[in-house]
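Sequence lines set the chain letters: A, B, ... in the order given, protein chains first and strands last, and positions in each chain run from 1.
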Amino acid sequence: MNCREDEWLWGWDPTPGIVSVWASADGHALLWRRDHATGKLSRELDTFVPWMLLDRLDDLRPESDPAITVRELSGPGSLRYLVSAPDLRALTTSILQNASKRLGRRVATLQDFGKQSVLSLPPDEQYLTATGRAYFRGLSFDHLRRMQFDLETTGLDAARDRIFLIAVRDPAGAVELLEAGELSDEAEARLIRRLVDRVSAADPDVIENHNLHGFDLPFLERRARLLRVPLPLGRIGGGLRQRAAQRGAQLEGGAAAPPRRRVRYIAPGRELIDTLDAVIRHDFSTRELPGHGLKEVARHLGIAGPDRVTIPGDRIYQVYLSDPGRVRSYAASDVEEVAGLAKLLGGAAFALASMAPRRYERLADAGAATGVIDPLLVRAYLRAGAALPAHQPSDGTPHSGAALHLFATGVAHRVVKADVASLYPSLMRAYRIGPARDHLGAMLALVDRLVEQRLAAKSAARSAPPHSPERHRQEAMSAAMKLVVNSAYGYLAAGGDLTRFADVHAANEVTRRGRETLALMCRELAGRGVTLLEADTDGVYFSAPEGWDESAERRAVAEVAALLPELVRLEFEGRYAAMLSHEPKNYALLGYDGVLTLRGVAFRSSRAEPFGEKFLRRAIALLLRGEVEGVREAYLETLDALRGHQLPTRDVASRVRLTKSPAKYLESQGTRKELPYEALIGAGRTQWSVGDRILVYRTRSGGAGLVEDDDRRDYDADHYVRVLRETFAARLERAFTAEDFEAVFADPDQPSLFAPAVESIRAVLTREPDTI
DNA sequence: TCGTTCCGGGG
DNA sequence: GTGTACGGAACGA
């Protein structure tokens with residue numbers, strides 16, 4: 001760590017082992033540090049001089065308070081006065097008083113000045129920014145003492161429902177199940193006290209769960225408050241504290257309270273980590289997760305055990321009453337999976353905490369632009385002694401986006417995907433596009449450094465033994481760096497005055513270069529004889545001419561790659577036997593290994609009836625293999641199965657989430673009947689909770705059916721036959737001429753004299769008018 | 001039908 | 001003293 005750019009990225013103070021920081025406005029900072037060799041935790045008190053940045057000195061009276069020091073920073077930025085004082089609160093009060101006098105109106109908080117006039121960070125971030133310290137130096141993820149707990153409750157409403165069981169996994173991996181035994185205030189209070197005891201005894205650095213901030217902590221806090229049980233989950237006294245947050249617990253506060261104030265909880269000395277944040281962040285770049293729920297994600301990532309018990313959320317307490325063993329197993333699996341998930345996906349936040357001057361838990365849920373890049377830039381400017389530019393309102397220039405082209409629809413063969421990895425940051429680097437007001441060039445310097453060091457981390461990960469801590473560390477570092485690099489563009493493009501250095505003109509220049517690059521790729525590929533299918537932002541699908549083998553495909557991509565600027569790297573991303581191109585961003589791919597991938601809402605929708613999804617998968621696989629007769633057979637079989645009621649009711653039902661309470665639905669029932677609620681009422685249910693998910697279908701008698709444990713098979717076959725044709729078979733429309741489509745999906749009950757023979761039908765590819 | 005708002009997750 | 005995801009589904013005239 002010697003050069004200036006490295007200090008911008010990592011800070012400069014080498015203090016190792018920081019696992020938590022708690023600083024206060026009077027200049028005291030408590031540090032908890034873990035020794036990497038012995039694993040021992042130490043607590044130390046440090047001091048710092050609280051500071052803030054101001055754009056003017058009008059409201060300071062240094063002559064009357066000699067403890068206040070002012071340093072003027074260099075350069076053109078308007079936040080140019082670095083003001084320090086031993087006590088932030090006293091300084092703030094004095095500034096506000098003076099400002100109120102000067103302006104002749106009451107100025108209540110620093111925020112009233114507007115962020116163009118003042119920058120005042122929370123004490124922990126002042127401390128980290130000023131000292132150049134950061135979390136976790138010399139530690140790997142496994143050095144952290146991590147504890148997981150998961151509440152099982154009788155429902156979702158903390159005002160009414162109770163906690164009856166808590167699964168706790170200690171840092172050594174032992175799982176313990178705490179149970180209330182009965183539904184009473186005393187039993188529940190005892191249960192909460194036992195949880196607090198376990199946390200104190202294990203003394204973890206980190207507490208983790210899935211949706212910890214959205215469910216477990218707010219529920220626990222509310223129950224503890226109602227039962228008057230103290231909740232000292234942190235390492236210093238007192239209960240939980242709060243911070244404002246975008247996602248988190250909706251604060252209840254009366255009906256007239258300001259809407260949607262959300263908070264997250266803080267337990268000083270520990271870091272409260274929600275694996276849901278890590279999942280969302282991961283899916284943001286991969287876009288491959290089926291959902292963000294713990295069970296789905298654990299299954300998808302191979303963390304779930306084969307004997308994982310699943311119970312629908314609204315049945316957990318009922319099941320507990322009749323078969324407590326199942327719920328114990330369920331809850332134990334939850335904390336095990338959370339521990340696995342936190343390690344698998346949480347490494348990026350861990351790595352970010354060793355760069356940016358913020359607490360680990362803040363970096364785990366922060367958006368990368370305002371949450372990571374901005375703190376890095378603030379620290380860089382202060383380190384350089386340079387004044388910071390203030391936020392600037394938009395000049396009205398609209399933001400222009402990426403390109404999207406659909407060149408052909410229908411079925412194509414020998415499909416190749418080529419794309420530019422990290423297109424936007426590459427363009428920023430290649431053409432030196434950065435924020436106009438960033439006079440230090442810190443943003444581009446950071447992006448350059450991150451890209452270079454990411455390559456190093458990737459190669460270090462590859463050469464480390466699989467599953468080793470070193471491999472995990474390097475992979476996590478690489479993921480973190482990718483996250484920051486890819487959000488650099490988002491930082492530029494952020495609307496309004498959200499980010500300090502936001503610059504629409506620079507952002508538009510990036511997208512313009514992006515469109516230009518994509519167009520060049522498409523033209524050059526087409527010029528080499530391929531058929532373009534679809535191009536989106538940074539990548540293109542094309543179909544290779546008959547007779548090309550993989551090396552010919554690669555050669556074409558490499559030739560085009562050579563025409564692009566240095567740093568903009570076009571890569572051969574994959575090749576597929578066939579593709580069904582339906583609409584922009586909606587397509588199916590059949591790999592040479594036989595694996596079928598469906599993309600886009602047309603092919604995967606959460607509400608889709610299972611029989612239709614199964615038909616669609618089967619029909620598309622056959623279609624892409626050239627077996628049109630098979631497609632017809634699949635269609636006829638599904639028709640027959642529906643008409644003969646051979647399919648279980650579950651297969652025709654849609655999964656819907658309830659958004660109206662019983663009372664609210666009864667209010668509107670007169671004006672509009674809705675299938676899900678009619679199904680509930682028809683099944684004799686008068687109580688349900690908003691958020692419950694149910695399976696509903698349309699019955700033969702035109703009513704609404706609720707799928708429970710039984711299988712009544714009284715669904716309206718004609719209705720589902722129409723659904724089969726109109727919503728599922730219709731997804732194959734582009735694959736055929738209109739006449740052929742009618743023949744393939746003709747109803748045998750309504751024979752047509754002039755239909756072409758299905759065995760002679762071939763799928764087609766149709767050029768769309770889109771040109772470049 | 002179209003624009004706008006809400007949601008994702010947790011029991 | 002938070003952060004501008006994104007794409008579908010539900011809502012409200």
Side-chain angles (χ1 to χ4, degrees), chain A residues 109-112 115 118-122 125 150-158 160-165 209-220 242-250 259-264 274-277 279-281 283-285 287 289 291-297 311-320 327 330-331 334 338 362 365-374 391 394 399 486-487 490-491 493-499 502 585-586 600-602 604-608 654 656-660 664 668 671-672 674 676 689-693:
Chain A
T109 68
L110 287 177
Q111 280 69 35
D112 294 346
K115 54 190 170 183
V118 57
L119 168 70
S120 171
L121 299 177
E125 294 178 16
D150 184 53
L151 308 183
E152 302 303 332
T153 67
T154 58
L156 291 170
D157 180 358
R160 179 190 73 200
D161 300 309
R162 289 185 189 275
I163 308 167
F164 67 89
L165 183 150
N209 196 20
H210 203 68
N211 206 15
L212 178 70
H213 286 282
F215 178 70
D216 297 81
L217 286 175
F219 199 103
L220 181 63
Q242 297 179 349
R243 62 179 231 251
Q246 174 84 346
R247 295 191 312 275
Q250 185 104 46
R260 81 165 101 273
R261 228 200 101 206
R262 286 175 183 273
V263 299
R264 288 187 176 224
D274 192 334
T275 48
L276 178 58
D277 295 320
V279 164
I280 290 170
R281 192 177 261 178
D283 198 35
F284 184 62
S285 61
R287 297 174 177 285
L289 293 177
H292 296 161
L294 175 63
K295 286 85 181 163
E296 281 176 296
V297 175
I311 308 172
D314 57 345
R315 303 274 303 280
I316 288 175
Y317 185 61
Q318 288 165 274
V319 172
Y320 181 70
V327 174
Y330 170 90
D334 274 7
V338 162
R362 283 289 291 114
D365 74 280
T370 47
V372 184
I373 294 182
D374 214 52
H391 289 72
S394 151
H399 173 234
N486 286 340
S487 64
Y491 184 104
D497 55 355
L498 187 68
T499 56
K585 298 187 182 195
N586 282 269
V601 275
R604 40 192 309 180
S605 156
S606 60
R607 284 200 64 159
S654 316
V656 299
R657 185 175 179 277
L658 302 178
T659 57
K660 292 179 181 171
K664 189 166 175 218
S668 66
T671 50
R672 197 170 56 180
E674 296 177 56
S689 303
V690 170
D692 281 357
R693 264 169 280 240

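One distance of note links CD1 of A:I280 with CG of A:D274; it measures 8.0 Å at 0.5 Å rounding.
Listed nucleotides: B:dG9, C:dC6, C:dG3. Nearest to the side chain of A:F284: C:dC6. When each of B:dG10, C:dG3, B:dG11 is scored by its nearest atom to the side-chain atoms of A:D365, the top-ranked nucleotide is C:dG3. The A:D314 side chain lies nearest to B:dG11 when the options are B:dG9, C:dT2, B:dG11. Set against C:dT2, C:dG3, B:dG9, the side chain of A:A244 has C:dT2 as its closest nucleotide. Listed nucleotides C:dT2, B:dG11, B:dG10 differ in distance to A:N211; the shortest reach to its side chain belongs to B:dG10.
Contact annotation: A:K295 side-chain N/O to B:dG11 OP1/OP2 distance is under 4.0 Å. The side chain of A:R281 contributes no N or O atom lying less than 4.0 Å from OP1 or OP2 of C:dC6. For B:dG11, one of the phosphate oxygens OP1 or OP2 lies less than 4.0 angstrom from a side-chain nitrogen or oxygen of A:Y330.
B:dC6 and C:dA5 are spaced 15 Å apart, taking the P atom of each and rounding to whole Å. Nucleotides C:dA9 and B:dG9 have their P atoms positioned 13 Å apart, rounded to a whole Å.
Side-chain atoms of A:D161 and A:Y317 form no donor-acceptor pair, as typed in the model, at a separation below 3.5 Å.
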